[in-house]
Amino acid sequence: MLLLTACGGSSPAANVQRQAGGTVTIDNESGTTWTCDFNPYNGAVNFLSFGTVYEPLVYDNLLTDKKTPYLASAYSWSSDNKTLTVTIRSGVQWSDGQPFSADDVLFSFQLLKKNSSLDLQSAWSLLSDVQEQGTDKIVFTFQSAAVPDFYQVAAQTPIVPKHIWSTLSDPTAAVPKPVGTGPFTMSDCTPQNIKYLKNPTYWQKGLPYIQEVDYPAFTDNDPANQFLAAGNADWGGQFIPNIQTYYLNKDKTHNHYWFPPIDNINIWINQTRPLLSDKAVRQAMAFGIDRSKVSQNGEYGYEPAGNQTGVLTPTFSSWVDQSQLNKYGYKFDPNKAAQVLQAAGYTKGSDGIYADSSGKRLSFDIISISGYTDWTASLQVVAQNLKSMGIEIKEHDLNQNDYANDLYTGNYQLAYGSLSTSPGPSPFYELRNTLDSQTTADIGQIAGGDYERYKNPSVDALFDQFAASTDSAKQHQLMSQIQKSMLEDVPVIPVTEGVAWYEYSTKSIGGWPTQSDPFSAPAPWNLPDWGVTLIHLYKTS
Amino acid sequence: MSLNLVADQSRVAAPVGSRSRVLGNLARALVSNRKALTGLAVLVIFALVALLAPVIAPYPPQADLFGQILPPSAQHLLGTTGNGQDIFSQLLWGTRQSLVIAILAGAAATVISVIVGVTAAYLGGIPDHVLNLFTDVFLVIPTLPLMIVIAAYARSGGVFVIILVIVITGWSYGARQLRSQALSLRKREFLEAARVRGERNVYIILAEILPNMTSLIVANFLGAAVYAVLAAAGLQFLGLGDPNDLSWGTMLFWAENNGALLAGSPWWAIAPGLCIALLGGAFALVNYAFDEIGNPALRPVRRRRQ
Amino acid sequence: MLEMPARPRGVELIRTEGLTKHFRLGGFLSRRYLHGVDDINLSIHEDEIVALVGESGSGKSTIARLIARVYTPTAGEIFHRGRTLSSIRSHRDVLEYRGDVPMVFQDPYGSLSPVYRVSHGITRALKLHRPDLSRQGREDEAARLLEAVGLTPALDFLGKFPYQLSGGQRQRIGFAQALACRPELILADEPVSMLDVSVRIGVLNLMATLRRRERISFLYITHDIASARYVADRLLVMYAGQVAESGPVEDVLAHPKHPYTQLLLSAVPDPRAPISLPATGEVQEPPRVIDPGEGCRFRSRCPYAIEECGRVTPKLRLLRPAHEAACHVATSDLEVPRVDEGATVR
Amino acid sequence: MIATATRPLLEIKDLSVDYLTDRGAVRAVDRVSLEVQRGEFLGVVGESGCGKSTLLYSIARLLTPPAEIASGDIWFDGHDLVSMSDSELRHYRWKQYSVVMQSAMNALNPVMNIGEQLRDAFDAHQRFTGRQITARSEELLRIVGIDPVHLRSYPHQLSGGMRQRAMIAMALAFTPELVIMDEPTSALDVVAQRSLMLKIKQLQREFGFATIFVTHDMSLVSHFSDRLAVMYAGQIVEIGETARLFAEPKHPYTVGLMRSFPSIRGELQPLAGIPGSPPDLARPPAGCRFHPRCPKVMDRCHMEEPEFYAEEGDLIRCFLFDSDA
Amino acid sequence: MTYLIRRLEFFAITLWAALTMNFIIPRVMPGSPAEAMLVRFHGRASPQTIRTIEIALGFHTDESLLQQYGEYLWNMAHLNLGTSLTFFPSSVGKAIMVGLPWTVGLVGLSTVIAFVLGTLVGMLSAWRRGGILDGALPTVFIMVSAFPYFWIALVAILIFSFTLNWFPLGFGYDLHQHIELSWDFIGNAIWHGFLPALTIVITSIGGWILTMRNTMITTLAEDYVKMARAKGLSPVRIMFMYAGRNAILPNLTGFAMSLGFVISGAILVEIVFNYPGLGYMLLQAVNNEDFALMQGLFLLITVAVLVAVLLADFLTALLDPRTRAAD
């Protein structure tokens with residue numbers, strides 16, 4: 001059994017005198033005014049409570065995969081890696097003064113089993129059973145060996161108080177007055193602003209330093225950015241165009257940003273469509289896209305160019321199989337792309353577009369989400385790149401719902417975007433959901449992952465082996481093989497890397513996560529990381 | 001963007017002149033009216049710019065050839081966009097679509113207004129009741145939301161969807177105005193004379209009623225064009241147009257999304273906004289001048305110079 | 001014009017039987033009706049000018065529009081040379097009828113489309129009703145017609161726009177349009193009431209000339225009884241949608257039978273006659289006839305009203321040769337006392 | 001105020017009125033001179049566009065742009081109306097002289113009832129109690145022959161004749177010295193017209209006010225006016241005693257007018273009217289304005305404008321009566 | 001009376017037509033709440049789950065269209081607007097009530113201000129034909145009313161809020177303020193609303209000035225105005241009671257309609273100013289295919305317009321006795 005110490009995780013600048021008190025104002029475009037619902041199982045509002053009010057069993061840092069026990073004081077895997085036993089922390093109180101116990105954990109998971117619409121992480125698609133063992137242990141039985149699934153179950157599922165939730169007639173209903181174990185309590189909510197106050201009985205003694213957190217509602221990016229740039233908020237979480245002029249220059253000594261990558265933004269290539277099922281076409285496209293220019297023009301360079309292994313850099317650099325990547329060398333190279341196409345029997349038509357022997361032109365529609373202007377700008381570059389190389393793509397902006405429906409059911413040729421599942425603390429999560437054919441479905445059916453319908457049994461097997469292993473070396477070796485299939489088959493093309501947008505001002509608040517001290521994923525919308533970030537913050541003036 | 005729905009009595013003035021004379025008179029009246037002249041001049045300039053965009057624009061408008069967010073300079077009169085495109089070139093090219101939307105949407109809405117309004121007035125009775133109700137329903141339903149709904153669903157259709165949306169939501173006001181003028185015309189005896197002479201309804205509507213409504217129809221077109229300019233700008237600003245189109249509205253959309261005003265390229269937002277204002281203003285000026293021509297009482301008062 | 005020999009009556013062109021027109025008031029759920037005209041029986045013969053006289057709202061224009069097929073009757077029938085109008089259905093027949101019975105309108109400023117040259121109406125009429133004419137033929141005919149209505153030189157006028165003409169000239173254009181159809185009967189709806197005094201008589205003379213030269217009959221509608229006397233052979237006096245009295249003009253003027261006709265005659269201002277109306281506080285005006293009951297519609301203003309007038313609607317009765325009146329009191333034996341000797345102001 | 005007895009109530013001298021148009025000034029009233037004595041009924045007759053209404057509105061100082069008085073004087077009881085400011089005029093309006101317009105339908109405010117409009121007139125000039133106003137209003141309506149209940153009526157609820165009477169009642173509110181009437185009966189049918197004329201004459205006798213009565217129908221005033229002024233193309237062409245004028249018209253235009261309307265009595269006369277039509281005032285003919293239509297035109301009529309020539313106490317603007325010639 | 005009955009008739013028919021259109025639009029439009037739910041569950045919800053939610057949202061796809069229509073009308077009559085998808089699990093009514101006061105307060109007030117001010121200015125400008133007001137205003141306001149108001153709003157924020165710091169950056173009131181009926185709060189709300197209101201007023205006032213000026217000029221040429229002058233009435237009385245009162249009548253309906261459209265008219269202003277009103281809610285409803293919310297807002301707007309028009313009709317009947325006449 002692995003014993004862990006309960007603390008904030010890292011210990012940054014221990015010699016700094018941390019003052020208690022102060023207010024942190026969050027500036028994050030949410031697109032709505034607040035409904036004052038703090039149901040942690042409602043996907044639309046859980047970002048307002050999970051991490052601050054409600055907590056998981058273990059905090060698993062999205063960027064570093066460093067695990068910190070929270071409501072669990074310890075945990076252990078069975079030898080077959082199918083059963084997880086968790087020891088519940090003692091001495092923790094709910095914010096209404098009731099003691100926290102293993103009952104609450106058991107209740108929370110049973111609640112999710114009963115109400116599948118609350119199970120945002122689909123925990124019960126992984127679990128087969130949850131039992132209480134003694135008074136302080138909970139035993140999770142998984143359907144198969146599932147070491148990485150620890151993340152969804154232990155790190156991404158908020159625990160709620162049984163004494164309150166068992167009395168609710170409808171657990172999907174709004175929760176206006178949340179009771180949790182977290183470092184903050186919700187003190188006041190108007191449609192415009194939510195005020196959180198320090199939880200005086202928080203189990204991590206002395207924390208948080210900050211007295212109050214304000215979370216105003218922004219319906220649109222522009223007002224949110226103005227608010228931040230004007231110095232009205234401390235902590236930003238969205239794209240800011242030309243951030244140097246817009247934000248940094250407004251207060252050069254205090255304003256900072258850091259945009260760590262957390263997922264890939266891919267071109268999904270529907271493998272069931274003619275021409276696109278041809279590996280050569282996909283490879284040619286991978287050569288034909290100038291990823292750094294896309295990154296520069298579409299995202300001001302804030303979202304770095306992706307690489308064809310699908311492993312995020314620098315976040316997960318240690319996992320990248322650099323030699324393979326170098327071997328395939330998917331650098332921007334239109335000539336190479338042309339060679340690949342010609343070698344596969346494609347010829348360039350008079351319109352400058354390649355066609356196969358039967359005359360079918362390499363002309364594809366790509367779907368994107370309207371209103372995502374950075375994507376639109378990115379696709380303008382992609383389209384120009386490919387067109388000059390000999391492949392035509394036409395952009396279709398759909399609303400979010402139509403886009404998602406088309407993507408999930410495979411009703412598209414090309415699609416631009418990232419996985420809909422939340423990112424994970426290692427490349428495994430994203431790549432499995434991208435490549436493992438167990439996550440996909442037939443065309444017309446809704447797929448939870450592998451939207452491109454890539455089917456490769458040997459790759460599927462690699463993911464199973466990975467999941468059954470706790471050995472880091474073995475995992476790295478498996479990940480190398482997975483990367484090879486990405487490079488060889490090009491099932492999707494990672495174009496840029498999605499980042500955690502994160503701007504902060506050190507004018508009155510210190511203790512922020514930084515690249516050199518990434519103690520949490522830093523965006524206000526990283527769950528439950530924002531709670532971890534908040535307990536590190538302190539007043540400086 | 002809300003219209004002022006007013007039974008504009010001043011419009012229902014005596015019809016002016018014959019076809020050739022109508023046009024001749026209108027032309028003369030327009031040229032002698034300072035507001036009309038200013039408006040027309042602006043329109044002509046925009047039309048020229050639209051036509052000559054390929055010649056006068058220094059760069060291809062969509063090509064991202066330059067550095068991002070460059071300040072105005074001799075090479076880039078208005079600087080560059082967040083994608084490294086030349087704003088001035090975009091502005092010149094954007095004139096085309098903006099003008100096309102204004103003119104096509106204005107014209108189409110006017111045609112529907114004329115058909116519905118004049119037919120209703122001429123036929124009278126039950127057809128009038130039904131058409132009138134139809135018009136009223138379209139007047140009463142919230143225009144902008146309806147526009148947003150339609151535009152949102154037909155998003156990928158590009159500029160023609162915008163035009164369609166504007167036409168669907170924009171014809172009813174004019175139909176009502178035209179109906180009321182046609183109603184007042186209907187009482188005039190030359191129409192009765194035509195009927196007694198044995199003319200068919202279609203002839204009466206086309207050859208007798210419409211020529212007498214020329215000035216109101218033109219005014220209506222101008223009003224609809226103003227509405228189209230503003231509505232298209234609003235829709236495109238909301239991102240409900242096709243962002244890959246190039247017009248002032250989409251430029252504003254991109255500028256807004258790139259925080260142009262604060263991110264160091266204010267001209268990106270100011271220039272297309274000004275152009276929209278100018279174009280709308282020009283149409284409105286000519287329209288107002290039409291009011292003055294149709295209703296001399298509205299003209300600026302002359303005082304004897306002594 | 002002066003010598004009006006009693007001519008033998010020609011063929012009957014138009015006859016109405018029980019002609020009635022009601023207008024619905026208000027929206028389409030309303031059940032209130034304005035009685036435009038009720039139970040009109042009149043006839044117009046070849047080579048005859050019949051004057052229809054009455055105050056505004058008395059229904060005289062409604063009759064013209066019923067005959068002109070602008071309105072369809074609520075009840076009753078109109079016969080054209082013995083054939084009912086309701087049986088004329090085909091476009092060709094309707095056109096033919098319209099050619100036989102055209103109309104001239106009241107407002108010289110409203111009856112010509114301001115956007116066309118004055119030739120427009122005439123050529124359109126020629127095109128519709130004289131399809132045999134060539135383009136040149138039409139132009140010649142148009143010129144001839146203008147001369148016929150006294151607009152010379154005709155070619156000058158054809159190219160003008162209505163706004164370049166005076167009221168009298170426009171009204172003559174109206175007659176030329178009607179003539180273009182080679183009509184047998186022209187419905188002239190107050191053709192002079194909006195003209196200046198000095199040109200009125202010219203238009204009246206034109207009507208007389210056309211009757212004399214082209215043998216065209218007229219239904220002359222007017223509120224000016226003196227002008228009716230000037231041109232017409234027969235007179236119908238209307239009151240509140242009904243005919244009060246009818247007969248040869250001179251006979252009606254000399255022996256008015258209906259009290260309303262008497263009132264009307266006494267009210268006509270005439271510098272050549274002594275003033276002749278009692279200075280009463282009389283402010284009553286003809287009623288708008290909305291859903292009327294039985295009874296004489298003039299009874300509330302009538303100094304001779306008897307009980308029967310409130311009960312029974314009087315029918316036209318022959319009181320003198322060819323002279324009828326709808327009055328219970330007036331009889332052929334009884335001369336209703338004249339009001340000539342009323343107080344004179346001067 | 002010794003002079004009042006001899007001085008005419010209203011004296012107009014060489015009054016000209018212009019309409020300022022795009023093409024320059026159009027003279028609608030040209031050098032008109034008139035006198036109106038106390039208690040006199042003066043008829044002004046002319047065809048449409050002859051300037052008779054413009055003359056009347058300039059007397060009432062109600063011209064609005066683009067019309068304006070170009071020159072001339074209007075003396076009302078010894079005061080020059082032309083040079084008065086609006087606020088000075090307010091003391092004369094309605095108390096000293098009032099106006100009755102052609103169509104009461106347009107001249108009465110459609111959204112106020114008769115009583116309110118009467119009250120407005122009273123309030124504008126003097127402090128009265130509500131009761132006084134009501135009493136006087138009822139009295140006024142009775143005078144013109146309307147039931148006082150109509151004080152509560154709105155204009156559209158009254159018949160045409162009643163509306164005109166209501167307006168006349170309003171004009172008599174302060175029993176002014178002069179009532180200016182612009183074709184007050186032209187919108188009415190014959191019977192109502194005659195009845196209203198009689199009422200006007202009766203009231204004029206009773207209250208002794210002077211009247212300027214404008215009409216296009218000279219037969220209408222034949223029995224009512226003391227003197228008659230005939231206007232043609234912006235000018236007065238003949239002015240004289242009514243009875244004389246009808247009996248023996250002098251100006252060829254007046255003669256033509258007399259021969260323009262048929263009668264219901266006597267022998268049926270063939271009538272000729274006047275050939276041609278009135279001139280466009282923007283381009284009046286040179287010389288005598290009537291000469292293009294005049295049956296007795298002479299050479300000098302083409303070039304010279306005739307002045308007034310006195311003939312048996314009347315004035316005629318025609319060279320036929322130029323005794324020097 | 002017939003007049004008012006006719007107006008009520010119009011009210012009923014239009015309301016029905018609008019309701020029916022409201023019913024049809026979401027059903028002919030592509031996309032369904034099921035799709036929307038998919039997004040919410042990242043493609044991993046079971047069909048049963050989606051079904052349950054569909055029903056909760058008022059979509060009964062297994063019923064005939066006629067049945068659905070009947071149910072829909074019944075629900076509308078009972079103001080049962082269903083559950084919003086965007087604000088799930090809030091009801092549409094609740095969601096709307098949150099935004100309504102802000103929109104009505106901001107846009108409604110500025111519309112009234114624009115109308116009253118514009119009408120007065122238009123009246124004065126017509127009254128003093130040829131004066132300074134009359135010479136300059138028409139041209140200036142023709143231009144201004146053709147400006148895209150979101151753009152004016154953007155520029156206003158840049159200048160007055162961001163650079164000069166005179167006004168707050170967005171929001172309806174200070175973040176820490178509690179919604180309560182105190183002078184403090186009201187003052188704060190007015191301060192926040194000033195700039196958005198100003199942009200609405202300056203872009204809409206021109207229309208009122210021009211229409212009022214034009215009808216006023218027409219009215220001033222009426223005989224009854226001349227008559228009032230002849231009567232020696234004071235200029236103020238003539239301007240308001242004779243000319244103004246008559247000139248304003250034809251504008252009342254237009255004003256009523258613009259009041260009704262207050263709710264929908266401010267979408268762009270609310271977005272630019274991050275104002276917590278209904279405008280943005282509507283855009284969101286459309287983008288999220290939140291049919292219940294969309295229908296609720298449409299219903300609200302339509303009813304608001306119709307009620308406003310009806311009130312204007314009553315007012316017109318009150319001010320203009322002619323409309324009360326029998327026919």
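Sequence lines set the chain letters: A, B, ... in the order given, protein chains first and strands last, and positions in each chain run from 1.
- Interface remark: of the candidates D:N109, D:N106, D:L89, D:N109 forms the most heavy-atom pairs closer than 4.5 Å to chain E.
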Go through the steps for D:F122 and D:F174 under the test ring-ring contact (aromatic ring centres under 6.0 Å, His included), then give the verdict.
-> CA-CA 8 Å; D:F122 286 117; D:F174 290 97; 5.5 Å; yes
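- With 3.5 Å as the limit, one finds no donor-acceptor pair spanning the side chains of D:Q164 and D:T185.
- Note on ring orientation: taking the six-membered ring where Trp is involved, the planes of D:Y92 and D:H79 are tilted (angle from 30° to 60°).
- When heavy atoms are compared at a cutoff of 4.5 Å, D:L62 approaches chain E by way of both its backbone and its side chain.
- Within residues 123-140 of chain D, the residues approaching chain E closer than 4.5 Å by heavy atoms are, in numerical order, D:A124, D:H125.
- Taking the side chain to side chain donor-acceptor pair (under 3.5 Å) definition, one finds that E:E222 meets it with nothing, sequence neighbours left out.
- Residues forming a side chain to side chain donor-acceptor pair (under 3.5 Å) with E:Y242 (at least two apart in sequence, or on another chain): D:D120, E:K231.
- D:Y57 touches chain E through its side chain: at least one heavy atom from C-beta onward sits under 4.5 Å away, while N, CA, C and O do not.
- Relative ring orientation between D:Y154 and D:H156 is described as parallel, the plane-to-plane angle staying below 30° on a 0-90° scale split at 30° and 60°.
- Using a cut-off of 4.0 Å between Lys/Arg side-chain N and Asp/Glu carboxylate O, D:K95 and D:E177 are scored as not salt-bridged.
- Scored by the side chain to side chain donor-acceptor pair (under 3.5 Å) test, D:Q96 finds no partners at all (sequence neighbours excluded).
- In this model, a donor atom of one side chain and an acceptor atom of the other lie less than 3.5 Å apart for D:S83 and D:D80.
- Both the backbone and the side chain of D:Q117 come within contact range of chain E, judged by heavy atoms closer than 4.5 Å.
- Both the backbone and the side chain of E:R229 come within contact range of chain D, judged by heavy atoms closer than 4.5 Å.
- Using a 4.5 Å cut-off between heavy atoms, D:A121 touches chain E through backbone and side chain atoms alike.
- Using a 4.5 Å cut-off between heavy atoms, E:L220 does not touch chain D at all.
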